[in-house]
Amino acid sequence: MSPIDDEERRLRVGAPADHAAGLRAVRLSLTNAVRQMGVRKTVRNLRPLNQHDGVDCMSCAWPDPPGHRHTAEFCENGAKAVSWEGTRATAGPEFFAAHSIADLTGRTDHWLEKQGRLTHPMVRREGGTHYEPISWDEAFLLAGRQLSRLGSPDEAVFYTSGRASNEAAFVYQLLARALGTNNLPDCSNMCHESTGTALMRTIGVGKGSVTLDDLHQADLIVVSGQNPGTNHPRMLTALEIAKRDGAKILAINPLPEAGLLRFDNPQKARGLVGGGTALADRLLRVRSNGDLALWKAIGSLLLARGVADKEFIASSTVGFEAWAAHVARVDRDAVLAATGLDWAEVEAAADMLASAKRIVHCWAMGITQHRNAVATIKEFVNVALLQGMIGKPGAGLCPVRGHSNVQGDRSMGIWEKPPALFLDRLRDEFGFEPPREHGVDAADAVRAFRDGRAKVFVALGGNFVAAMSDTEVTAAAMRNADLTVQISTKLNRSHLEAGRTALILPTLGRTEQDHTGGRVQRITVEDSMSAVHASRGRSEPAGPLLRSEVDIVCAIAEAALGDRHGIPWAGFAADYRTIRERIGRVVPGCDDYADRIDAGGFTMPHPPRDSRTFPTPEGKAVFTVSPLEVLTVPEGRLVLQTLRSHDQFNTTIYGLDDRYRGIRSGRRVVFISAADLAELGFADGELVDLISEWPDGERRADRFRLVEYDTPKGCVAAYYPETNPLVPLDSQAEESGTPTSKWVIVRLERR
Ligand SMILES: Nc1nc2c(c(=O)[nH]1)N[C@H]1C(S)=C(S)[C@@H](COP(=O)(O)OP(=O)(O)OC[C@H]3O[C@@H](n4cnc5c(=O)[nH]c(N)nc54)[C@H](O)[C@@H]3O)O[C@H]1N2
Ligand SMILES: Nc1nc2c(c(=O)[nH]1)N[C@H]1C(S)=C(S)[C@@H](COP(=O)(O)OP(=O)(O)OC[C@H]3O[C@@H](n4cnc5c(=O)[nH]c(N)nc54)[C@H](O)[C@@H]3O)O[C@H]1N2
Ligand SMILES: [Mo]
């Protein structure tokens, strides 16, 4: 029986949950942790999680509370991430001898990672059918030789997933730039790139402007396009604290996500006995992509009611008049068509904003992965500026980041469009002229390999083939590479759809002791609210051959560059503090980095948050005007959003359940409204193929079960990465280039 047949047979659909977390979640996470890691390792790994001088959890970028912390300062999904890394299962040379690459290609993503931790450097030589062991020295020689022989440094692409530490990220970008390229795409290109683009233009800093205290002190928290119950469970605690002090929550989401409705805090007796806290005071069931229109409408209503922080607007912003004139003309019918809401609902939401004194706007992928994502973010920034909700206690902009260190990686220079100041400081510190031309982002990287312009792909973590849009196109592009080098903890699709020669370099995870250079090494990370601190793994490495990311990157650099520019690669690997000293001299805002980390960490400067100064070209915060475009869908077609289940971390599938949405033992489902089922002539439970339509042709993903669900008419949802083959490579957000993973036009075909 094929894996898909098997999954189809087991799939069970029940009622969705109406609240998140609670005792059951804790029990499930502990049972699962002990099963995968054993009791000793469970205690060793979970106790220091998110504690002062502990291990930074890699499940999301939510910040740790500054003061008192609970004994168990982690969530169900954090425990899953730690158990997944800490598993006793391993996939070494015998495993790869027993399974050809063709065999592995036929397995599911869940099965691949479930085989356990990678323990040996492996190579698939040109024409080979299997991965075979290779020594570290030979692997570095091979990678170094290919990199040093390229016709142009731009034929190399260095991808980063947001789990890499600041130290690893810093030496990695140094390697790319010392070689001579800014080809540093990262998972951020598929994630919060739209946020960075919109915030840079409007407030001059591409990061959020709040601290955890601001959330606690807010009297209104807007949660747009985010499912915190699954993806940022510790955020629910912050929402609960704010609510206890009288805050209101406005959630904007097509789906009635359990974590937006009600929360049983597992850390408190009240949570344990049930009841819990009702979270969203109002849930606006916006139609997919309706947010831009919604915020224009809210802006116009607030203006009409005379809500404006006139002093702030006059002293600290530009562009107000043009924006006010623009939203005053917004057409109500267009807003209703785009949002699918009643006007009364829009007014009620505007009322909530009008009567609040301290507002925090939170958002995630439901906003950033749309064609007009940048315009949408700029639009609620307009509203935040109108109300002066930035740079004051209890108020601000709070993009909720995904990967635990994706923000830190950007600060360290993982960026295909590095700012000139960063490059100048890099030049001054290392005495070479870094390349100034922009590099490729994730989508352009695919195009470069597809068209033969790039030859070597190096990945510091992640699973590029499964995470990127247009799976077939991306996979074919990767197969076109001369060499792929994957620095990984677990087996995944990117190891199978790889270059003619392919290396897998197994690395330590964040929970593991790092004794590189014979000393106890720490690494550092930056959370979603710009707090930087150290993390030190506690458990025994999954195997004796594993090397740290820093060590691997420095060894590749040495093999590729020798002593070019006199960069002390071996010295960096032997003592990460020497990397932190360089970070302190290169990265803006990180002065005396090494010392301040030793003293317990610090929060990176953020001028709009700290002093209401805005480092835009105008020197002020900028109101922007974007056209209102109501995206329409041809007759008989639906808009598909691709999202996460409760049992996955991006392309890592922990299990086949999605408890909060009532799904068990299967992932190939499409959530669809009763109205669409009736209109299109389908029944709940039927099997369909999904076909996406795009000018350059159709794409298919086969065999999904229809699940009747409370989703707006015209909007369907299914899990990523199974649906990534449907997202066309060229379907990207304007300005930011992010794949439009939440806006894919599909039709259904009965099987
Ligand atoms: N356990 C766990 N934790 C994670 C991850 C994980 O996979 N598992 N991934 C990490 C990463 S990298 C990231 S980026 C974050 C992702 O965190 P989220 O952004 O919460 O992840 P998604 O599952 O993509 O959920 C998107 C949400 O947006 C809503 N949405 C979709 N389209 C629209 C729209 O047009 N408008 C509005 N208003 N809402 C919309 C969806 O209904 C859904 O609730 O989580 C991080 N944390
Ligand atoms: N259709 C669709 N596509 C999407 C999204 C979506 O919502 N819909 N979301 C996008 C988003 S927000 C993101 S962030 C990307 C995620 O893209 P990626 O970051 O590339 O993908 P992950 O699934 O997080 O990567 C998982 C792999 O990372 C490796 N790994 C785990 N831990 C470590 C470690 O400590 N070190 C190293 N070196 N490797 C490690 C393991 O081998 C594992 O298989 O996907 C994007 N793709
Ligand atoms: Mo992400």
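Residue numbers run from 1 in the order of the sequence given. In each ligand, atom 1 is the first atom listed, and ligand 1 is the first ligand listed.
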Inset, instruction - Report the C-alpha distance between D710 and R285 in whole Å, list the side-chain angles of each, state the deciding distance to 0.1 Å, and finish with yes or no for salt bridge (charged side-chain N to carboxylate O under 4.0 Å, His left out). - result: CA-CA 10 Å; D710 184 7; R285 302 289 304 279; 3.1 Å; yes
Atoms of ligand 1 close to [X] [distance to a heavy atom under 4.0 angstrom, numbered from 1]:
X	value
S288	35 (O)
N289	34 (C), 35 (O)
P254	30 (N), 33 (C), 37 (C), 39 (N), 40 (C), 42 (O)
E257	42 (O), 43 (C), 44 (O)
C60	47 (N)
L255	42 (O)
H232	15 (C), 17 (O), 45 (O), 46 (C)

Does [X] reach the side chain of [Y], with side-chain heavy atoms less than 4.5 Å apart?
X	Y	value
R667	S645	yes
N183	D444	no
L118	T489	no

Inset, instruction - Would you mind telling me which of K114, R493, Q648 makes a side-chain hydrogen bond (donor to acceptor under 3.5 Å, both in side chains) with D109? - result: R493
Inset, instruction - Using the side chain to side chain donor-acceptor pair (under 3.5 Å) rule, take Y576 and T516 through it: C-alpha gap first, then chi angles, then the decisive distance, then the call. - result: CA-CA 9 Å; Y576 302 174; T516 307; 3.2 Å; yes
[X] to ligand 1: N or O pair under 3.5 Å?
X	answer
T230	yes
I252	yes
N77	yes

Legend entry - Region of N227 that comes within reach of ligand 1 [heavy atoms, distance under 4.0 Å]: both
Inset, instruction - Answer side chain, backbone, both or neither: which part of H370 comes under 4.0 Å from ligand 1, heavy atoms only. - result: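 Answer for H370: side chain.
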Ring centroids only, cut at 6.0 angstrom: are [X] and [Y] within range, meaning strictly under it?
X	Y	value
W84	F649	no
W295	H361	yes
F457	F464	yes

Legend entry - Short side-chain donor-acceptor distance under 3.5 Å, T376 and D291: no
Legend entry - Donor-acceptor pair between S731 and T740 side chains, under 3.5 angstrom: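 T740 and S731 do have a side-chain donor-acceptor pair below 3.5 Å.
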Inset, instruction - For ligand 2, list the protein residues that place a heavy atom within a distance below 4.0 Å of one of its atoms, sorted by chain and number. - result: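 Residues within 4.0 Å of ligand 2: E113, Y159, S161, R163, C187, M190, C191, M365, Q369, H403, G461, G462, N463, A467, I487, S488, T489, K490, N492, T507, E549, T642, R644, F649, N650, T651, T652, Y720, N724, S741, K742.
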Legend entry - Crowding at CD, Q513 (>12 non-hydrogen neighbours, <6.0 Å): yes
